[in-house]
Amino acid sequence: QGGVWFAPQRPERVVAIELRDITSLDVDALVTSGYLLDGSLSGDEESPGLLGAVHRAAGPQLERAMASHKARLEKDDDKDFTERRVVVTPGFDLKATVVLHTEVEYADGKRADECIAEQLARCLDVAAEAGHRSVAAPMLGTGLQGQDVADAARGCIAGLVRWYAG
């Protein structure tokens, strides 16, 4: 459950890449990935990988919050998720203030690293717009989606560069 930790507020441009338990980091926002696009917004403590680790660390309130977002999505009442593919919940028992739940959508004709870069930049936009000064993100795509670690690393770095340059 290694991750990328960075402070997204320009001009600080502080980036640290660390291999550690992302759920233990004292940051404003924590990014987690799961299968969101098919409507399955709820994870739980039994979910595999990072999604399950985040749910275990955040406590049962997180599952209830995700169920609420799923209901909004089913009513087509969650414009931010529809446009950005990011759902924001409180961090509950995590040290992180909020959790940014996302999924990388792999578009036809685009390389995996490009898709990962786009989604990470979207998450950073959401965090910065809410005033969050520090964000921890995993290597998106390498869990249940099974992306190659080298492609995911290129995507995460490209996403950081794209966001900082933007």
Side-chain angles (χ1 to χ4, degrees), residues 1-6 8 15-25 27-59 62-63 65-70 72-73 78 80-107 110-128 130 132 134-160 162-163:
Q1 289 151 21
V4 178
W5 176 90
F6 42 92
V15 177
I17 299 174
E18 301 178 359
L19 185 59
R20 59 190 286 188
D21 179 359
I22 197 170
T23 65
S24 68
L25 296 176
V27 294
D28 294 335
L30 183 149
V31 177
T32 189
S33 184
Y35 287 100
L36 298 176
L37 299 178
D38 65 1
S40 61
L41 289 173
S42 62
D44 60 30
E45 295 179 2
E46 301 301 317
S47 296
L50 180 60
L51 184 61
V54 168
H55 275 269
R56 286 187 293 278
L62 182 57
E63 187 173 352
M66 290 304 288
S68 172
H69 278 284
K70 183 176 181 178
R72 286 179 55 204
L73 183 61
D78 197 341
D80 196 49
F81 174 75
T82 303
E83 292 178 4
R84 295 189 178 185
R85 303 293 192 226
V86 179
V87 171
V88 181
T89 65
F92 299 108
D93 293 341
L94 290 164
K95 291 181 182 177
T97 304
V98 298
V99 178
L100 306 176
H101 306 265
T102 192
E103 179 189 41
V104 178
E105 184 176 18
Y106 298 98
K110 278 193 172 180
R111 294 189 329 255
D113 62 321
E114 293 172 337
C115 298
I116 291 167
E118 287 176 5
Q119 195 57 37
L120 181 56
R122 284 186 196 113
C123 289
L124 293 174
D125 282 342
V126 169
H132 299 301
S134 58
V135 178
M139 186 104 66
L140 293 174
T142 59
L144 295 174
Q145 293 177 327
Q147 294 298 323
D148 179 71
V149 172
D151 287 342
R154 278 191 296 278
C156 286
I157 292 168
L160 288 169
R162 178 180 298 175
W163 190 84

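Only a predicted model underlies this, so the values are computations on that prediction, with no experimental measurement involved. Atoms considered below: every heavy atom in the structure, side chains included; atoms not considered: hydrogens, waters and symmetry mates.
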Before you tell me yes or no, could you show the steps for Thr102 and Val126 under side chain to side chain contact (heavy atoms under 4.5 Å, CB included), namely the whole-Å CA-CA distance, both residues' side-chain angles and the distance that decides it to 0.1 Å?
CA-CA 11 Å; Thr102 192; Val126 169; over 6 Å; no

With sequence neighbours left out, the residues meeting side-chain hydrogen bond (donor to acceptor under 3.5 Å, both in side chains) with Lys110 are Glu118

List in chain and number order the residues that pass side-chain hydrogen bond (donor to acceptor under 3.5 Å, both in side chains) with Asp113, two or more places apart in sequence or in another chain; answer none if no residue qualifies.
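For Asp113 the side-chain hydrogen bond (donor to acceptor under 3.5 Å, both in side chains) partners, ignoring immediate neighbours, are Arg111.
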
Between His101 and Thr89, do the side chains contain an N or O donor and an N or O acceptor separated by less than 3.5 Å?
yes

Write down the atom of [X], the atom of [Y], and the distance for their closest heavy-atom approach.
{"X": "Leu25", "Y": "Lys95", "result": "O-CB, 3.4 Å"}
{"X": "Leu51", "Y": "Ser33", "result": "CB-O, 4.0 Å"}
{"X": "Ala127", "Y": "Val135", "result": "CB-CG2, 3.7 Å"}
{"X": "Cys156", "Y": "Pro138", "result": "SG-O, 4.0 Å"}
{"X": "Ala121", "Y": "Gly159", "result": "CB-O, 4.1 Å"}
{"X": "Leu140", "Y": "Ala152", "result": "O-CB, 3.4 Å"}

Spacing of [X] atom [atom1] and [Y] atom [atom2] [to the nearest 0.5 Å]:
{"X": "Leu124", "Y": "Arg162", "atom1": "CG", "atom2": "CZ", "value": "11.5 Å"}
{"X": "Thr23", "Y": "Arg56", "atom1": "OG1", "atom2": "CZ", "value": "8.5 Å"}
{"X": "His55", "Y": "Leu50", "atom1": "NE2", "atom2": "CG", "value": "9.5 Å"}
{"X": "Leu120", "Y": "Arg122", "atom1": "CG", "atom2": "CZ", "value": "11.0 Å"}
{"X": "Leu30", "Y": "Ile22", "atom1": "CG", "atom2": "CD1", "value": "4.5 Å"}
{"X": "Thr32", "Y": "Leu62", "atom1": "OG1", "atom2": "CG", "value": "8.5 Å"}

Quick test of your reading: applying salt bridge (Lys or Arg N to Asp or Glu O under 4.0 Å), list the pairs with at least one residue in residues 135-153, sequence neighbours left out, ordered by first then second residue.
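Listed by first then second residue: Asp151-Arg154.
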
Would the distance check show the side chain of Thr97 and the main-chain N or O of Ala29 forming a donor-acceptor pair, the cut-off being under 3.5 Å?
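Flag not set: sc Thr97 to bb Ala29 has no pair under 3.5 Å.
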
